[in-house]
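Chain letters run A, B, ... following the sequence lines, proteins first and then strands; every chain starts at 1.
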Amino acid sequence: MRRPVGNRAVFMVRNKAGEVKVFHNSCSHRGAVVCRKDSGNAKVFQCFYHAWSFDTDGKLVGVPDREAYGDGLDFGALGLRPVARVESYRGFVFLSYDPDIMGLVDYLAGAAEYLDLVVDATGDAEIIRGTNEYAIDANWKLLAENSIDGYHAVPTHDTYFKYLVSLGTDLSGGVAGTAKSLGNGHAVLEYAAPWGRPVAKWEPLFGEDSREEIGRLRADLVDKYGEARARRMADTNRNMLIYPNLVINDIMAITVRTFMPTSADRMEVTAWELAPRDELPQLRQRRLDSFLTFLGPGGFATPDDIEALESCQQGFHSGGLEWNDLSRGMARDPLANDEEQMRAFWRQWNSQVTGGAR
Amino acid sequence: MTALEPAPAVTGVHGVTRADVEDFLYAEAELLDAWELDTWIALFTADCRYVVPCNDTPEGDPTRDLVLIDDNALRLRSRVERLNSRKAHREYPHSTTSHQVSNVRLRPVEGEELPVVAEFTVWRFRGERSTTYVGRYAYRLRVVDGHLRIAAKRATLAMGSLRQVADVAIIL
């Protein structure tokens with residue numbers, strides 16, 4: 001699997017032992033890209049330029065007309081360059097180009113617990129086929145904010161909520177909950193789900209015939225994790241930002257979203273849907289419907305987020321404003337529609353960019 | 001329907017010609033470009049489906065795979081209501097669009113449905129920006145009360161991603 005990470009071409013492959021390897025996508029001979037498909041299977045990566053080839057451990061295994069080099073070619077030193085740091089947690093693979101970065105679990109800090117919650121509730125999980133790959137003409141940090149911004153939902157997404165209500169969803173319960181910093185710039189909103197959740201909160205929209213299945217899923221969660229944790233998995237939503245650019249929204253569907261700046265005023269967004277592998281078809285259908293109508297770039301909400309962020313970018317570009325105002329909730333324990341979670345992001349960003357807190 | 005009836009009367013699905021289909025598709029394009037969405041949606045049957053698959057999964061099946069748009073008649077109506085409102089911020093004010101339909105090909109009739117394939121280019125102009133959607137339509141047309149109607153419309157994008165167009169906030 002290949003994709004740009006931080007504007008650099010890298011690819012990920014499982015070696016024969018099943019370990020995940022991530023390499024800079026560049027032939028050690030003359031630099032050309034050696035993995036030229038976005039996904040697939042390969043035992044050998046052969047550069048088409050001069051046909052050097054590498055195995056799934058990145059080791060150089062083939063050089064045409066090798067005798068031309070005599071003994072002067074050090075196969076051991078001419079493997080593909082691995083990315084400086086690669087670690088995975090609960091199936092999520094993270095990389096860093098900084099060889100001195102702290103270990104992943106330390107890096108995730110309080111976010112690890114929330115990843116556990118999402119992954120445990122999902123069980124045997126898969127990323128559903130079909131990727132949302134879009135772009136926004138705005139600074140990437142605006143999407144970090146937007147992804148954990150409960151305050152914008154009502155005015156920005158009026159047409160989406162009207163659509164939900166037209167389907168019979170009762171939104172009157174609101175989004176009572178909290179916002180918190182999880183350390184290292186990560187942050188989460190957690191709040192009572194105002195709508196059904198395929199795992200495992202039934203609502204009429206799911207249909208009478210899935211009531212029993214959702215009840216069973218819920219009972220399974222109680223068996224495995226106890227009443228309190230099961231209730232949290234089933235009845236609450238989570239919108240989480242893992243600093244700097246991974247978003248896991250565990251709402252009526254689960255989104256896994258990354259976004260990469262390509263310039264100061266443009267970002268590329270890639271989003272996937274995570275779901276239990278062996279889900280009942282009608283629950284899967286509802287989950288797909290929820291994702292594409294709310295979270296997808298062809299839906300009833302995400303285009304309006306894109307518009308909002310592009311609008312902010314144009315507004316800030318006018319030069320009248322020096323600062324974004326994120327003070328909401330500073331005078332109280334932060335609620336889900338306050339801005340503490342964004343302050344957590346900015347504190348970390350500021351500390352990294354300026355070399356100290358302010 | 002009245003003067004806005006956008007297609008010639010036809011007697012049955014077997015007698016439909018390419019010219020009939022072209023007239024119908026061009027009329028649909030005209031309605032979309034005029035943002036006459038309430039008239040446009042009347043071109044669809046009560047059991048219709050409008051699907052846009054993800055760019056990387058052109059064969060995507062909306063019952064199993066993530067797609068960009070998967071509207072039945074109810075959701076298509078909601079989409080039109082949304083686009084008719086001032087709260088569809090991405091499309092208020094509306095983009096200027098130009099739906100261009102070409103390479104229209106009729107496939108053999110299946111039951112009461114006529115499969116039609118066509119290429120499309122949809123230009124979208126908003127503010128200072130122009131973007132272009134390119135791809136292939138696959139329609140399933142029926143004859144209802146002497147007029148062609150859309151039972152299914154699938155718009156498969158040829159672009160590798162939505163990066164250049166940002167989103168699919170308009171109807172393709």
Does any backbone or side-chain atom of [X] lie under 4.5 Å from a heavy atom of chain A? Answer side chain, backbone, both or neither.
X      : value
B/R86  : neither
B/S85  : side chain
B/R129 : side chain
B/V67  : both
B/L74  : side chain

>> Closer than 4.0 angstrom, basic N to acidic O: yes or no for A/D305 and B/R90?
In response: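 Judged by the 4.0 Å cut-off on N to carboxylate O distance, A/D305 and B/R90 do not form a salt bridge.
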
Strictly by modelled atom types, are B/R82 and A/Y160 linked by a side-chain donor-acceptor pair under 3.5 Å?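 Side-chain D/A pair, B/R82 to A/Y160: absent.
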
### B/D65 side chain to A/G130 backbone, donor-acceptor under 3.5 Å
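No, B/D65 side chain to A/G130 backbone: no donor-acceptor pair under 3.5 Å.
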
**Prompt:** Do B/H89 side-chain atoms and A/T156 backbone N/O form a donor-acceptor pair below 3.5 Å?
**Reply:**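 Judged by distance alone, yes, a pair lies under 3.5 Å.
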
**Prompt:** Do you know which two heavy atoms are closest between B/K87 and A/D158, and how far apart they sit?
**Reply:**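 Smallest heavy-atom distance, with atoms named: CG-OD2, 3.5 Å.
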
Side-chain polar contacts of residues 154-165 of chain B - donor-acceptor pairs under 3.5 angstrom, sequence neighbours left out - could you list them?
| unit_1 | atom_1 | unit_2 | atom_2 | d |
| --- | --- | --- | --- | --- |
| B/R154 | NH1 | B/G60 | O | 3.1 |
| B/R154 | NH2 | B/P58 | O | 2.7 |
| B/R154 | NH2 | B/G60 | O | 2.9 |
| B/S161 | OG | B/R163 | N | 3.0 |
| B/R163 | NH1 | A/Y134 | O | 2.9 |
| B/R163 | NH1 | A/V269 | O | 2.5 |
| B/R163 | NH2 | A/T270 | OG1 | 3.2 |

- Heavy-atom contacts under 4.5 Å, residues 284-303 of chain A to chain B: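 Contacts with chain B: A/R284, A/Q285, A/L288, A/D289, A/F291, A/L292, A/T293, A/P297, A/G298, A/G299, A/F300, A/P303.
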
Counting only non-hydrogen atoms closer than 4.5 Å, does A/E310 touch chain B with its backbone (N, CA, C, O), its side chain (CB onward), both, or neither?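 Contact with chain B: side chain only.
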
- Query: Does the side-chain contact (heavy atoms from CB on, under 4.5 Å) test come out yes or no for A/T131 and B/C54, once each step is laid out?
  - Reply: CA-CA 6 Å; A/T131 312; B/C54 286; 5.7 Å; no

| field | Side chains of A/N132 and B/L68 in contact at under 4.5 Å (non-hydrogen atoms) | value |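 The answer is yes; the side chains approach within 4.5 Å.
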
Q) Which residue out of A/D304, A/I306, A/D38 racks up the most heavy-atom pairs below 4.5 Å with chain B? A)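 Among the listed options, the one with the most contacts to chain B is A/D304.
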
### Query
So which of B/I69, B/D56, B/V52 has the largest heavy-atom pair count under 4.5 angstrom toward chain A?
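Most heavy-atom pairs within the cutoff with chain A belong to B/D56.
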
Shorter than 4.5 Å, heavy atoms on both sides: which option in B/E81, B/E59, B/E91 has the most such pairs with chain A?
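It is B/E59.
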
